[in-house]
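Just so it is clear, the values below take in all heavy atoms, side chains as well, and ignore hydrogens, waters and symmetry mates. Proteins come first, then strands; the chains are lettered A, B, ... in the order of their sequence lines, and each starts at number 1. Here the structure is a predicted model, which is why all the values come from computation and not from measurement.
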Amino acid sequence: MQYWLMKTEPDECSIDDFRLAPSRPLQWDGVRNYQARNFMRSMEVGDQVLLYHSSCKNIGVAGLIRVAKSAYPDPKQFDDKSPYFDPKSTKDKPRWDAVDLVFEQKFEQVISLDKLKGCEALVENPLVKKGNRLSVIPFSEDEFQAVLALTK
DNA sequence: GCCAACGTTGGC
DNA sequence: GCCAACGTTGGC
């Protein structure tokens with residue numbers, strides 16, 4: 001079992017999109033950063049994922065989702081109508097991967113970035129470091145549990 | 001809307 | 001391989 005945090009702009013995909021389709025996994029595509037992609041490739045079914053809302057009114061961790069399907073080639077890289085189209089990607093050698101994620105839990109309140117920054121267990125985590133742009137971040141179990149504890 | 005920080009691209 | 005230019009991320 002591994003733990004992760006994934007960022008999303010809630011206008012694009014929010015915890016409510018997952019909550020409103022409780023048993024239907026959603027495809028997480030469009031990741032176009034190699035480090036984030038490599039983390040996605042190491043995800044396993046059942047891994048727990050903290051869902052972080054960025055660039056919005058209420059920034060922070062909004063809920064919990066779970067890996068329902070491990071990495072497979074992101075279909076959008078082949079779709080020349082998609083903003084995520086990558087002309088350099090081929091079916092033989094796809095560059096980018098997607099995973100499927102499914103709803104687990106929506107927190108009663110978003111765990112604010114201020115709270116996360118104040119959390120001792122997270123001081124070394126890239127999430128709270130200035131200038132961090134990584135959209136898929138591995139969490140240790142301790143870090144994960146520390147975030148869950150902030151919901152109480 | 002601003003802008004610092006970062007990753008990627010491409011010329012050399 | 002270097003590095004300037006550029007585009008994007010993301011908090012404020």
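Between Lys88(A) and Lys130(A), the residue anchored closer to the 5' end of DNA chain B is Lys130(A), taking for each the nucleotide with the nearest heavy atom.
Residues from residues 10-18 of chain A lying near DNA chain C, meaning a heavy-atom separation below 4.0 Å, are absent.
Placement of Trp28(A) and Phe78(A) in two distinct hydrophobic clusters is found when ILVMFWY residues are connected by side-chain heavy-atom separations under 4.5 Å, directly or transitively.
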Bracket notation of DNA chain B in which parentheses pair within the strand, [ ] cross earlier pairs, and | pairs with another strand (Watson-Crick or G-U, under 3.5 Å): ||||||||||||

Nucleotides 2-12 of chain C: protein proximity per nucleotide (B base, S sugar-phosphate only, - neither; heavy atom, under 4.0 Å): -----BBSBSS

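Taking Ile, Leu, Val, Met, Phe, Trp and Tyr as hydrophobic and joining them when side-chain heavy atoms fall under 4.5 Å apart, one finds Tyr34(A) in a cluster with Trp96(A).
Across Leu51(A), Leu148(A), Leu150(A), a single residue satisfies side-chain contact (heavy atoms from CB on, under 4.5 Å) together with Phe107(A), and that is Leu148(A).
Under the rule for a salt bridge (Lys or Arg N to Asp or Glu O under 4.0 Å), the partners of Lys76(A) that lie at least two apart in sequence or sit in another chain are Asp29(A).
Looking at His53(A) and Lys7(A), their side chains never come closer than 4.5 Å, going by heavy atoms from C-beta outward. Using a 4.5 Å cut-off on side-chain heavy atoms (C-beta onward), Leu134(A) and Phe39(A) make contact.
Considering OG1 of Thr90(A) and CD of Gln77(A), their distance stands at 8.5 Å, rounded to 0.5 Å.
A salt bridge is defined here as a Lys NZ or Arg NE, NH1 or NH2 lying under 4.0 Å from an Asp or Glu carboxylate O, and Arg32(A) with Asp74(A) meets this definition.
Evaluation of the ring-ring contact (aromatic ring centres under 6.0 Å, His included) test over residues 118-152 of chain A, restricted to residues two or more places apart or in two chains, returns Tyr3(A)-Phe144(A).
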Derivation and outcome, side-chain hydrogen bond (donor to acceptor under 3.5 Å, both in side chains), residues Asp47(A) and Trp4(A): CA-CA 8 Å; Asp47(A) 284 1; Trp4(A) 308 95; 3.0 Å; yes

